[in-house]
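Below: one structure, written as structure tokens.
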Amino acid sequence: MPENTEQSTKERSDQKVDEQTGQKNNKKRVVFGCLGFSVALVVIFLVVCLFLKMTEPVNVASLQGIYKEKDSLDVVVVGASEAYANYCAPLAYEDYGYTSYSYGVSGVPGSLYKSMIKEVLDNQKPKLVVVEMNGLLQKDYYYERQGNLHGYLDNINNYDNRAEAIEYAVPESQKDEYKLTSFLDVYHNSWQSIEKCFGTLVTRIIMFFSPKSHLKGYATFGKIAKADNDDQLKSNHFTDKSKAYFEDLLNYCDTCDDTEFVFVRFPHMDKNTEPEIAEQLSAMANAHGYKFVDFSYSKEEAGIEPIVDYYNDEHFNARGAEKFTKYFGNYLVNNYDVMGEHSEAIKASWDESVEDAHRILTRAKADIDDNLGTYYYEFNVYYQ
């Protein structure tokens with residue numbers, strides 16, 4: 001066979017192989033391109049859904065931050081927004097040496113207190129749990145507010161605890177909505193508050209990557225309350241439903257070995273706990289060997305000044321929180337064994353948190369002077 005014929009046949013064979021190889025590579029590129037595009041769509045979809053799954057950013061910071069503490073807490077304060085606005089854990093550590101955390105959720109109903117304590121004890125072994133009672137001193141409608149139920153239930157990690165809390169605290173007609181584990185049916189009307197959606201998403205990212213909670217749940221606004229507040233027109237309510245929830249909570253606390261409990265009322269600006277309600281709370285707590293301590297009448301002793309030490313009718317601003325934390329911390333160390341043993345690494349970490357807290361409180365107090373109303377919480381450790 002002539003040489004040029006053999007060469008031509010070989011070239012055609014090589015060309016055919018190249019074409020087949022090229023076709024295979026093209027198919028691979030198409031497949032990988034489709035897969036990459038699909039993955040990108042899924043990621044974008046999940047980010048958008050996470051963006052729309054909005055709650056108060058401070059709830060995310062408080063609920064997710066406790067998982068970072070690595071069993072290092074002596075005291076945990078559980079409750080609604082009073083727990084994180086009226087008490088600053090790093091300041092208590094600086095003054096008294098015990099470690100603590102504000103495990104608070106804005107507007108959380110007292111029907112979720114048992115679940116909150118379970119979530120805490122699943123991750124920590126505190127010597128003392130402080131329960132602020134605001135969530136049990138409301139009218140019964142308080143227990144059915146969807147946004148406030150979601151604020152807690154959608155932001156905890158223990159799925160079994162979440163499922164149990166839904167069965168326990170969510171109205172029967174709403175249970176299915178809360179049981180959904182996808183992002184699809186939660187807060188999709190939240191686009192109306194894009195700023196809050198963004199703040200919540202950024203906070204989720206911060207708390208995911210942060211090695212610790214810097215402010216230990218603390219949050220505040222840089223402003224003072226209005227003189228014409230309506231707090232004095234409000235009443236506390238201790239309904240039959242609330243009494244049943246409280247009794248069940250007390251029974252649960254009885255089963256928690258190695259942890260003490262105290263039930264408290266932090267001071268609002270004008271509204272004090274009605275004596276008859278305080279007596280009922282004390283009697284129920286005492287029957288289980290616990291105390292109810294009403295600090296609503298301790299404002300003068302703590303040096304709290306109405307209006308100037310509050311950012312609204314129920315919550316201290318930075319100045320008020322400094323005063324009350326010192327007063328309340330002193331009460332704790334003189335009435336409970338709250339001093340734990342901690343490693344040098346944990347002590348160094350808490351020293352850093354004290355510095356972070358002072359930095360944030362300094363900014364917040366400067367804003368109070370100008371009544372700017374800036375919101376300060378975990379996010380501000382990284383920004384501003």
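Note that the numbering runs from 1 along the sequence shown for the chain.
Y377 and S62 are not linked by any side-chain donor-acceptor pair at a separation below 3.5 angstrom, with hydrogens and angles left out of the test. Looking only at atom types and distance, the side chain of N371 has no donor-acceptor partner in the side chain of Y311 under 3.5 Å away. Between the side chains of E260 and Y336, no donor-acceptor pair of N or O atoms lies under 3.5 Å. When only modelled atom types and interatomic distance are considered, T374 and D367 share a side-chain donor-acceptor pair under 3.5 Å. When only modelled atom types and interatomic distance are considered, R204 and N155 share a side-chain donor-acceptor pair under 3.5 Å. No hydrogens or angles considered: nothing links the side chains of D140 and H237 as a donor-acceptor pair under 3.5 Å. In summary, the side chains of Q280 and K243 do present a donor paired with an acceptor at a separation below 3.5 Å, with no hydrogens or angles considered. In summary, the side chains of E314 and N134 do not present any donor paired with an acceptor at a separation below 3.5 Å, with no hydrogens or angles considered. Side chain to side chain, Y87 and S100 meet the donor-acceptor criterion of an N or O pair below 3.5 Å.
For the salt bridge (Lys or Arg N to Asp or Glu O under 4.0 Å) condition, the pairs that include at least one residue of residues 115-133, sequence neighbours left out, are K118-E164, K127-D337, E132-R265.
Cluster annotation: V105 is connected to M133 through the hydrophobic network of ILVMFWY side chains, with a link wherever side-chain heavy atoms come within less than 4.5 Å. In this structure, V77 is a member of the same hydrophobic cluster as I304, with clusters built from ILVMFWY side-chain heavy atoms closer than 4.5 Å. Under the 4.5 Å side-chain heavy-atom criterion for grouping Ile, Leu, Val, Met, Phe, Trp and Tyr, V131 is connected to I277 within one hydrophobic cluster. Cluster annotation: M116 is not connected to Y142 through the hydrophobic network of ILVMFWY side chains, with a link wherever side-chain heavy atoms come within less than 4.5 Å. Criterion: ILVMFWY side-chain heavy atoms under 4.5 Å apart, direct or through other members. Under it, I368 and L361 are not part of a common hydrophobic cluster.
For K326, the NZ atom counts as loosely surrounded, since its 6.0 Å shell holds 12 or fewer non-hydrogen atoms of other residues, nucleotides or ligands. Environment of CG in D71: crowded, with over 12 heavy atoms of neighbouring residues, nucleotides or ligands closer than 6.0 Å. Atom CD of E276 has more than 12 heavy atoms from other residues, nucleotides or ligands within 6.0 Å.
Looking at N161, its side chain does come within 3.5 Å of a backbone N or O of S115 through a donor-acceptor pair. Not a single donor-acceptor pair under 3.5 Å links the side chain of T325 to the backbone N or O of A92. Within the 3.5 Å criterion, the main-chain N or O of A61 finds no donor-acceptor partner in the side chain of T203. Remark: the backbone N or O of H214 is paired with a side-chain donor or acceptor of S353 at under 3.5 angstrom. Y84 places no side-chain N or O within donor-acceptor distance of the main-chain N or O of V58, the cut-off being under 3.5 Å. Here the side chain of S242 pairs no donor or acceptor atom with the backbone of L137 at under 3.5 angstrom. Between the side chain of R363 and the backbone N or O of N380 there is at least one donor-acceptor pair closer than 3.5 Å. With S282 contributing its side chain and A278 its backbone, the two residues share a donor-acceptor pair below 3.5 Å. Formation of a donor-acceptor pair under 3.5 Å by the T259 side chain with backbone atoms of C256 is not found in this model. Not a single donor-acceptor pair under 3.5 Å links the side chain of N148 to the backbone N or O of V108.
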| message | Could you go through K114 and D248, starting from their C-alpha distance and side-chain angles, then the distance that decides it, and tell me whether this counts as salt bridge (Lys or Arg N to Asp or Glu O under 4.0 Å)? | response | CA-CA 8 Å; K114 182 167 70 170; D248 190 48; 2.7 Å; yes
| request: Walk me through it: do E301 and Y327 pass the test side-chain hydrogen bond (donor to acceptor under 3.5 Å, both in side chains)? | output: CA-CA 8 Å; E301 186 177 356; Y327 179 81; 3.0 Å; yes
| Audit row: T273, N236, side-chain hydrogen bond (donor to acceptor under 3.5 Å, both in side chains) steps and yes/no | CA-CA 7 Å; T273 312; N236 293 296; 4.6 Å; no
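Looking only at side-chain heavy atoms (C-beta outward), K70 and Q124 stay at 4.5 Å or farther from each other. For the pair L332/N334, no side-chain contact is recorded, criterion being any heavy-atom separation below 4.5 Å from C-beta on. Two residues are said to be in side-chain contact when any heavy atoms from C-beta on lie closer than 4.5 Å; L281 and D294 fail this criterion.
A side chain to side chain contact (heavy atoms under 4.5 Å, CB included) with Q64 is found for exactly one of I156, N59, N157, namely N157.
For Y245 and Y168, the gap between ring centers is short of 6.0 Å. Outside the 6.0 Å centre-distance limit, the rings of Y376 and Y218 are not counted as a close aromatic pair. Proximity of the aromatic rings of Y98 and Y93 is defined here by a centroid distance below 6.0 angstrom, and this criterion is not met. Ring centroid separation for the pair F246 and F263 comes in under the 6.0 Å cut-off. The aromatic ring centres of Y375 and F221 sit less than 6.0 Å apart. Aromatic pair Y331/F295: ring centres closer than 6.0 Å.
Separation of atoms CG (L73) and OG1 (T99) is listed at 5.0 Å; rounding is to 0.5 Å.
Contact detail for K291 and N286: the closest heavy-atom pair is CA-ND2, 4.1 Å. The minimum heavy-atom distance between P90 and L215, with the atom names listed, is CD-O, 3.7 Å.
Within the cation-pi definition used here (under 6.0 Å to the ring centroid, within 45° of the axis), K212 does not qualify as a partner of W350.
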Using a 3.5 Å cut-off and no angle test, enumerate the donor-acceptor pairs between side-chain atoms of residues 315-323 and protein atoms at least two apart in sequence or in another chain.
unit_1: H315; atom_1: ND1; unit_2: N312; atom_2: OD1; d: 2.9
unit_1: H315; atom_1: ND1; unit_2: N312; atom_2: ND2; d: 3.3
unit_1: H315; atom_1: NE2; unit_2: S81; atom_2: OG; d: 2.6
unit_1: N317; atom_1: OD1; unit_2: R319; atom_2: N; d: 3.2
unit_1: N317; atom_1: OD1; unit_2: G320; atom_2: N; d: 3.1
unit_1: N317; atom_1: ND2; unit_2: K223; atom_2: O; d: 3.2
unit_1: N317; atom_1: ND2; unit_2: V308; atom_2: O; d: 2.9
unit_1: N317; atom_1: ND2; unit_2: Y310; atom_2: O; d: 3.3
unit_1: R319; atom_1: NH2; unit_2: D369; atom_2: OD1; d: 2.5
unit_1: E322; atom_1: OE1; unit_2: K365; atom_2: NZ; d: 3.3
unit_1: E322; atom_1: OE2; unit_2: K365; atom_2: NZ; d: 3.0
unit_1: K323; atom_1: NZ; unit_2: G303; atom_2: O; d: 3.1
unit_1: K323; atom_1: NZ; unit_2: D309; atom_2: OD2; d: 2.8

